[in-house]
Chemist: 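Below you will find the structure I want to go over with you.
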Amino acid sequence: MSSAPESSATSASFHATAERVCFVSPDITGFAAGNSGIRVETFDSARPGRTAGEGDPAGAMLAALLTTAGYAKRHGEQIREWAMLNPHLMLRIIILSDGPADRTAFAPIPGDLIEAVLPRKIRRSHLALVVEMALTAARHELENLRLRSRLALNADDLQHITKVSQALATEKDFPTLIGLILDQVRDLVSADGGSIYLVEDTPDTSKPEYLRFMRSALQLDANEFLLAINSRSIAGHVALKGEPLIIDDVYDLDESAEFSFNQEYDQTHSYHTKSMMVLPMSNHNNEIIGVIQLINRKRNPRVSLTVEQMKGDEVIAFSKKDYELASSIAAQAAVAIDNQRLLDGQKSLLESFIRLIAAAIDSKSDYTGAHCARVPILTEMIAQAACDTTQGQLANFDLTDDEWYELRIAAGLHDCGKIVTPVHVMDKATKLETIYDRIETVRARFEILRRDAELEHYRRMDSRVVTAEESRAQLDARLQEIDAMQAFIDKVNVGGEFLADEKIEEIERVARETVTIKGQPRPLLSEDEVYNLSIRKGTLTREERLIINGHMVETVRMLESLPFPRNLRRVPEYAGGHHERMDGGGYPKGLYAGDMSIPARIMAIADVFEAL
């Protein structure tokens with residue numbers, strides 16, 4: 001059992017700082033590197049300088065050669081030999097020239113060694129910066145060479161890692177991504193089995209407590225389950241400590257081991273786990289996001305192992321090279337998983353925010369409630385039916401995953417402009433309703449009308465113009481007339497499919513009735529009340545209808561002002577066209593069917609269907 005093989009020594013060697021030297025040709029004077037830690041030496045063409053490795057235990061020197069164009073041309077052969085005889089010399093050449101010059105003009109000096117050709121009169125501070133940049137480029141090349149040497153990668157390994165990198169960068173489906181990571185890393189190190197665990201997100205900022213089992217390469221009959229992040233399991237221990245483990249034989253752990261191996265799987269599935277390599281995956285914040293567990297390194301990758309072979313020599317320990325290869329995939333996998341989680345989190349946040357807006361709009365009216373929630377469902381149902389069609393104009397219509405997501409977002413935002421629509425207009429259930437239903441005020445006037453009728457009855461009784469019986473009969477007839485008028489107004493106020501001309505005339509007749517308020521006679525119905533009661537269809541006046549229709553203008557304006565990414569660029573088109581009609585009679589743009597995309601037409605149909 002061990003941690004990552006020679007991890008501390010390897011890390012120290014890899015990050016060893018090579019000496020940085022700037023050689024300056026004798027015809028350049030006064031150059032200083034400042035406080036950058038770069039040592040400056042004069043270049044001698046007879047003995048150019050110490051060979052690489054004389055002062056650097058890692059066998060390399062980071063060197064910049066600062067020379068003039070004339071000196072480079074006169075001593076080009078010596079410079080070339082110096083570079084060729086010292087393969088570990090990380091050399092970059094900076095040439096100062098009186099005029100424009102191409103790198104090929106300084107042959108036999110190799111052009112790929114020349115970092116820059118600069119004007120001779122360049123400021124010394126700028127020149128020092130160029131030298132610093134040249135040595136930085138040399139350091140990057142050195143680190144790359146050290147990494148390749150340390151990994152001892154062959155062409156197949158490099159090709160494999162490159163393909164994995166490309167696949168991880170382009171895969172969008174999360175379950176497929178997890179399977180791809182596990183399959184590729186197993187194949188790369190010839191592991192017989194393996195599993196991936198991801199850290200379970202916590203609802204608050206507390207430290208994660210569980211790993212979620214995501215995928216196994218073995219015949220493990222299990223759904224996702226949680227594993228505590230502690231030392232009772234190997235995967236939990238690695239997640240807890242953040243350090244890799246390489247175990248030659250899990251049945252022969254040191255007594256001092258902080259963790260234990262659960263033999264339950266082996267006993268249940270007739271398997272034998274022997275060698276194991278477990279790697280933590282961390283994101284850019286150095287937070288552990290998961291664990292890759294690789295089981296039984298096969299001597300022959302193409303052999304399917306029996307239990308007896310697993311117990312024997314066909315299963316070997318994971319090597320340092322296996323660790324380096326798997327670590328490179330684990331690092332890329334962590335980035336891919338973290339990116340995918342971030343993208344999924346952003347999508348979830350956006351969809352939740354859209355649902356929040358839709359719920360707020362739906363809550364403005366009990367009469368149109370859940371409209372914003374139902375239209376996306378209907379839109380997807382119609383779109384799915386269109387995709388399933390194999391005949392007619394829609395035979396070739398289909399939507400990609402990105403297009404489905406785009407349509408879903410557009411459907412959720414299709415009425416976002418209603419957020420600025422006044423509640424008393426949007427929620428106008430009766431013709432007389434504003435911020436309250438004015439029918440109650442009208443009913444109060446009818447009560448005054450009844451009071452006036454009764455007062456008139458008592459006046460007749462007092463004057464003895466008619467008999468009591470005749471006066472009572474006149475009162476009863478008047479009250480019945482008032483009741484009929486009030487019932488008519490109550491019914492008209494509710495609205496309906498169509499209001500005939502004779503009913504409008506009746507409204508006007510009722511309006512001419514007068515009531516006495518504060519000693520002053522006034523019409524039973526005001527002009528505005530007559531205007532509202534005379535609405536022929538529904539409960540909205542022409543002006544209120546324009547306000548309602550204005551939500552489409554607001555929707556388009558709001559959505560077009562948002563910086564939608566490329567995959568959502570058609571959201572304003574889809575959402576802003578749901579009140580258009582195929583015959584050009586819709587609004588706000590009066591589009592015809594040919595002017596609208598199929599998804600936009602689908603949403604228009606869904607909106608009308610739900611409203612009906």
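Reckoned from all heavy atoms, side chains included, excluding hydrogens, waters and symmetry mates. The structure displayed is predicted, hence computed values, not measured ones. One is the number of the first residue; the rest follow in order along the sequence.
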Chemist: With a 4.0 Å cut-off on N to O distance, would you call K321 and E324 a salt bridge?
Modeler: no
Chemist: Quick one: closest heavy-atom pair of V307 and S270, and the distance?
Modeler: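 V307 and S270 have their closest heavy atoms at CG2-O, 3.0 Å.
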Chemist: From L279 CG over to D322 CG, what is the distance, rounded to the nearest 0.5 angstrom?
Modeler: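 Reported value, rounded in 0.5 Å steps: 10.5 Å.
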Chemist: Counting N and O atoms only, with roles assigned by atom type, does the side chain of T379 sit under 3.5 Å from a partner on the main chain of V375, one being a donor and the other an acceptor?
Modeler: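 At least one qualifying donor-acceptor pair exists.
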Chemist: Is the side chain of D173 donor-acceptor paired with the backbone N or O of T176 at a distance under 3.5 Å, no angle test?
Modeler: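 A pair under 3.5 Å: yes.
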Chemist: In terms of relative ring orientation, are H578 and H551 parallel, tilted or perpendicular, with 30° and 60° separating the classes?
Modeler: tilted
Chemist: Might you point out which heavy atoms bring A373 and D362 nearest each other, and give the distance in Å?
Modeler: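 Taking every non-hydrogen atom into account, N-OD2, 3.4 Å.
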Chemist: Is the closest side-chain donor-acceptor distance between D266 and T273 under 3.5 Å?
Modeler: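 Indeed, the side chains of D266 and T273 share at least one donor-acceptor pair under 3.5 Å.
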Chemist: Mind running side chain to side chain donor-acceptor pair (under 3.5 Å) on H371 and H414 for me, showing each step along the way?
Modeler: CA-CA 10 Å; H371 170 81; H414 81 283; 3.2 Å; yes
Chemist: Heavy atoms, side chains only, cut-off 4.5 Å: are L211 and V291 in contact?
Modeler: yes
Chemist: Is there a donor-acceptor contact under 3.5 Å from the side chain of E580 to the main chain of L591?
Modeler: yes
Chemist: Tell me whether R297 contacts the main-chain N or O of V189 through its side chain, where contact means a donor paired with an acceptor under 3.5 Å.
Modeler: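 Flag set: sc R297 to bb V189 pair under 3.5 Å.
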Chemist: Counting N and O atoms only, with roles assigned by atom type, does the side chain of N285 sit under 3.5 Å from a partner on the main chain of E287, one being a donor and the other an acceptor?
Modeler: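 The answer is no, because no donor-acceptor pair under 3.5 Å joins these two groups.
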Chemist: Salt bridge check, K418 against D415: does any charged N sit closer than 4.0 Å to a carboxylate O?
Modeler: yes
Chemist: OG1 of T400 to CG of N567: how many Å apart, nearest 0.5 Å?
Modeler: 9.5 Å
Chemist: When you measure from the side chain of N296 to the backbone of A317, do you find a donor-acceptor pair of N or O atoms at a distance under 3.5 Å?
Modeler: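 It does not hold such a pair.
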Chemist: Check whether any side-chain heavy atom of M277 sits under 4.5 Å from a side-chain heavy atom of P244, and report yes or no.
Modeler: no
Chemist: Could you state the interatomic distance from NZ (K274) to CG (L305), rounded to the nearest 0.5 Å?
Modeler: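 Atom-to-atom, K274:NZ and L305:CG are 10.5 Å apart.
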Chemist: If the plane angle is over 60° it's perpendicular, under 30° parallel, otherwise tilted; pick one for F259 and H237.
Modeler: tilted
Chemist: What I'd like to find out is whether the side chain of W404 reaches to under 4.5 Å of the side chain of Q384, using heavy atoms alone.
Modeler: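 The answer is yes; the side chains approach within 4.5 Å.
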Chemist: Are Y197 and V238 side-chain neighbours, meaning at least one heavy-atom pair lies under 4.5 Å?
Modeler: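 Not touching, per the 4.5 Å side-chain cut-off.
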Chemist: Please test F213 against L227 for side chain to side chain contact (heavy atoms under 4.5 Å, CB included), starting from the C-alpha separation and ending with a verdict.
Modeler: CA-CA 7 Å; F213 168 82; L227 185 70; over 6 Å; no
Chemist: Could you check whether any side-chain heavy atom of L407 comes within less than 4.5 Å of a side-chain heavy atom of L399, counting everything from C-beta outward?
Modeler: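 They are in side-chain contact.
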Chemist: Please report the shortest heavy-atom distance between F397 and A383, naming the atom on each side.
Modeler: CE2-O, 4.3 Å
Chemist: Hey, are the side chains of H579 and V608 touching, using non-hydrogen atoms and a 4.5 Å cut-off?
Modeler: no
Chemist: If you take all heavy atoms of S275 and V315, which pair is closest and at what distance?
Modeler: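 Shortest heavy-atom separation between S275 and V315 comes out as OG-CG1, 3.5 Å.
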Chemist: Quick check against the 3.5 Å criterion: does R103 have a side-chain atom that pairs as donor or acceptor with the backbone of P110?
Modeler: no
Chemist: With a 3.5 Å distance limit and no angle check, can you tell me whether S190 reaches the backbone of P301 through a side-chain donor-acceptor pair?
Modeler: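 Checked: no pair found.
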Chemist: Is the gap between the ring centers of F261 and Y251 under 6.0 Å?
Modeler: yes
Chemist: If you measure from OH on Y265 to OH on Y271, what distance do you get to the nearest 0.5 Å?
Modeler: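 The OH atom of Y271 is 7.0 Å from OH of Y265, to the nearest 0.5 Å.
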Chemist: Can you measure from CG (L198) to CD1 (I292) and round to the nearest 0.5 angstrom?
Modeler: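 Between atom CG of L198 and atom CD1 of I292 there are 9.5 Å.
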Chemist: Is a salt bridge present between D313 and R299, judged by a nitrogen-to-oxygen distance below 4.0 Å?
Modeler: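 The answer is no: the pair does not qualify as a salt bridge.
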Chemist: Is any side-chain heavy atom of L62 closer than 4.5 Å to one of V21?
Modeler: no
Chemist: Taking the side chain from T389 and the backbone from A385, do they hold a donor-acceptor pair closer than 3.5 Å?
Modeler: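 Looks like yes, one N/O pair under 3.5 Å.
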Chemist: Roughly how far, to the nearest 0.5 Å, is CE of M90 from NE2 of H140?
Modeler: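 Output value for this atom pair is 13.5 Å.
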Chemist: Indicate yes or no: at least one non-hydrogen side-chain atom of M558 is less than 4.5 angstrom from one of I419.
Modeler: yes
Chemist: For the pair Q309 (side chain) and T306 (backbone), establish whether a donor and an acceptor sit closer than 3.5 Å, ignoring hydrogens and angles.
Modeler: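 At least one qualifying donor-acceptor pair exists.
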Chemist: Before you tell me yes or no, could you show the steps for T136 and R139 under side chain to side chain donor-acceptor pair (under 3.5 Å), namely the whole-Å CA-CA distance, both residues' side-chain angles and the distance that decides it to 0.1 Å?
Modeler: CA-CA 5 Å; T136 299; R139 179 174 60 82; 5.0 Å; no
Chemist: Show the nearest heavy-atom pair for residues P208 and I229, with the distance to one decimal.
Modeler: O-CD1, 3.9 Å
Chemist: Is any side-chain N of the basic residue among R570 and E403 closer than 4.0 Å to the acidic one's carboxylate O?
Modeler: yes
Chemist: For E351 versus I409, what's the shortest heavy-atom pair and its separation?
Modeler: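 For E351 versus I409, the nearest heavy atoms are CG-CD1, 3.9 Å.
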Chemist: Does a side-chain N-to-carboxylate-O contact under 4.0 Å join R569 and E406?
Modeler: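 So R569 does not pair with E406 through a salt bridge.
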Chemist: State whether R20 and E132 are salt-bridged, where the test is any N-O pair (Lys NZ or Arg NE/NH1/NH2 against Asp/Glu carboxylate O) under 4.0 Å.
Modeler: yes
